[in-house]
Amino acid sequence: MSDDAASVAGVPARLLAPAKLTLSLRITGTRPDGYHQIDAEMVSLDLCDELLVTPSATNSVEIVRTSAGAGSERDEGPEPSWNVPTDHTNLVILALELAGRTAHVRIRKRIPPGAGLGGGSSDAAAVLRWANRLTAAETAARHPDATSGPARQVVSMRQAASLGADVAFCLVGGKAQVSGIGEIVEPLPYQQQEFVLMTPSVHVDTASVYRRWDELGGPAGDHGNDLEPAALSAYPELVGCRDILAHSMSRTPRLAGSGGTWFVTAPHPRHRDLPVYEGAQTRFAAAIGRI
């Protein structure tokens with residue numbers, strides 16, 4: 001049974017939510033309402049959260065952490081240091097409300113929160129894709145003889161971006177140029193790319209980084225990311241992780257979005273001895289197309 005048919009029948013639907021990597025980010029202006037306008041290039045990665053969505057009478061979110069071992073994964077309890085809310089402020093619940101759906105969502109987290117990899121945004125986008133497919137399937141079930149046409153989108157790109165600057169891109173996925181406040185997503189051709197990601201243990205708050213960028217007078221970043229100076233000012237502990245990655249890979253790391261993940265293009269052939277630094281997670285990741 002497909003996810004669409006299963007959802008109509010009330011059977012849980014399994015969804016993938018790929019991480020997002022911001023390859024470059026320029027801030028082009030600030031609107032009167034406080035939102036920052038951006039010009040960014042983003043790609044989806046093969047690092048994915050997995051969501052189990054079960055239609056229910058009320059909205060709820062359950063978060064479990066996965067850990068690898070002996071070639072398999074096991075579920076563990078939520079990591080206390082993640083500080084991921086499960087109340088009405090969670091982006092998944094806000095996405096359900098925006099789409100007019102109610103469900104229990106169990107999230108197997110592989111994308112570390114507060115890392116600039118868009119985990120929460122991608123989870124929300126996965127729910128919006130599910131809601132769009134579900135509406136299309138329900139419409140087809142009610143009107144089986146109707147002439148097929150483009151499926152009605154429950155949530156527009158602008159509405160998706162209102163949840164967070166990365167949600168609209170995550171709704172589209174693949175590789176894209178992103179502008180406006182994140183609601184303008186122009187797909188780009190897929191390009192095979194591999195990266196080394198190093199994520200420190202510090203949880204970076206995106207709003208705090210943007211606020212610091214304003215306080216610093218809107219500096220430009222030297223490595224293609226205007227938020228990098230603000231992130232380093234707000235979270236100076238990011239420096240050590242950057243320097244270890246630079247020394248180990250002999251490349252200049254770039255900051256992913258507001259941080260705190262640093263990345264470099266993966267060496268060819270892949271360098272198997274990934275750097276280790278004080279609780280940081282280091283991994284290979286590859287760009288993927290739209291899902």
Side-chain angles (χ1 to χ4, degrees), residues 1-8 11-23 40-55 61 63-64 66 73 91-92 94-96 98-99 101 103 105-113 115-137 140 150-157 159-161 163-178 182-195 197 256-257 261 263 266 283-291:
M1 181 181 292
S2 69
D3 280 354
D4 295 344
S7 297
V8 172
V11 177
R14 294 186 181 275
L15 315 174
L16 288 179
K20 170 259 344 175
L21 185 63
T22 303
L23 302 180
E41 185 178 340
M42 302 180 184
V43 296
S44 299
L45 299 178
D46 59 358
L47 171 65
C48 300
D49 286 348
E50 182 181 352
L51 284 66
L52 183 66
V53 182
T54 306
V61 172
I63 297 175
V64 297
T66 63
E73 287 185 331
L91 284 181
V92 164
L94 292 176
L96 287 168
L98 188 60
R101 295 287 175 181
V105 183
R106 187 175 190 266
I107 306 173
R108 300 183 71 205
K109 289 295 294 181
R110 300 185 183 97
I111 306 170
L117 297 176
S121 295
S122 190
D123 293 343
V127 166
L128 295 180
R129 284 195 300 273
W130 166 77
N132 283 337
R133 292 196 303 266
L134 183 54
T135 296
R152 183 176 72 85
Q153 297 296 298
V154 178
V155 177
S156 69
M157 297 293 281
Q159 289 173 310
L163 296 178
D166 296 330
V167 177
F169 165 76
C170 292
L171 189 59
V172 175
K175 185 175 186 179
Q177 199 72 28
V178 180
E183 84 282 11
I184 303 172
V185 180
E186 302 173 78
L188 297 172
Y190 168 76
Q191 180 182 356
Q192 185 175 355
Q193 294 175 291
E194 291 187 329
F195 308 94
L197 311 179
T261 297
F263 70 95
R283 58 173 63 84
F284 286 111
I288 61 173
R290 299 175 64 175
I291 63 171

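For clarity, every value in this text was computed on a predicted model and none was experimentally measured.
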pair [X]-[Y]: side-chain heavy atoms closer than 4.5 Å:
X: L188; Y: E186; result: no
X: V172; Y: R290; result: yes
X: L45; Y: L197; result: yes
X: Q193; Y: V43; result: yes
X: F284; Y: E194; result: no
X: V64; Y: I107; result: no
X: L117; Y: F263; result: no
X: M42; Y: L21; result: no

Assess whether side-chain contact (heavy atoms from CB on, under 4.5 Å) is satisfied between L51 and R14, documenting all intermediate values. CA-CA 6 Å; L51 284 66; R14 294 186 181 275; over 6 Å; no
Indicate the atoms forming the closest heavy-atom contact of [X] with [Y], along with that distance.
X: R110; Y: C48; answer: NH1-O, 3.0 Å
X: L128; Y: A160; answer: CD1-CB, 4.0 Å
X: G182; Y: A168; answer: O-CB, 3.2 Å
X: L15; Y: A126; answer: CD1-O, 3.5 Å
X: S156; Y: Q159; answer: N-OE1, 2.9 Å
X: G173; Y: S44; answer: CA-OG, 3.4 Å

Is there a donor-acceptor contact under 3.5 Å from the side chain of [X] to the main chain of [Y]?
X: T135; Y: A131; value: yes
X: D49; Y: A17; value: no
X: T261; Y: A115; value: yes

Intermediate values then yes/no, side-chain contact (heavy atoms from CB on, under 4.5 Å), K20 and T22: CA-CA 7 Å; K20 170 259 344 175; T22 303; 3.0 Å; yes
Let me confirm one number: the [atom1]-[atom2] distance from [X] to [Y], rounded to the nearest 0.5 Å.
X: L47; Y: I288; atom1: CG; atom2: CD1; value: 9.5 Å
X: F169; Y: E183; atom1: CZ; atom2: CD; value: 15.0 Å
X: L171; Y: D166; atom1: CG; atom2: CG; value: 12.5 Å

Any residue meeting side chain to side chain donor-acceptor pair (under 3.5 Å) with S121, in chain and number order, not counting sequence neighbours: none
Should L163 and L98 be marked as a side-chain contact (heavy atoms from CB on, under 4.5 Å) after you check the CA-CA gap, both sets of side-chain angles, and the distance that decides it? CA-CA 9 Å; L163 296 178; L98 188 60; 4.0 Å; yes
Applying salt bridge (Lys or Arg N to Asp or Glu O under 4.0 Å), run through E41 and K175 and close with a yes or a no. CA-CA 7 Å; E41 185 178 340; K175 185 175 186 179; 3.2 Å; yes
Go through the steps for R108 and I63 under the test side-chain contact (heavy atoms from CB on, under 4.5 Å), then give the verdict. CA-CA 6 Å; R108 300 183 71 205; I63 297 175; over 6 Å; no
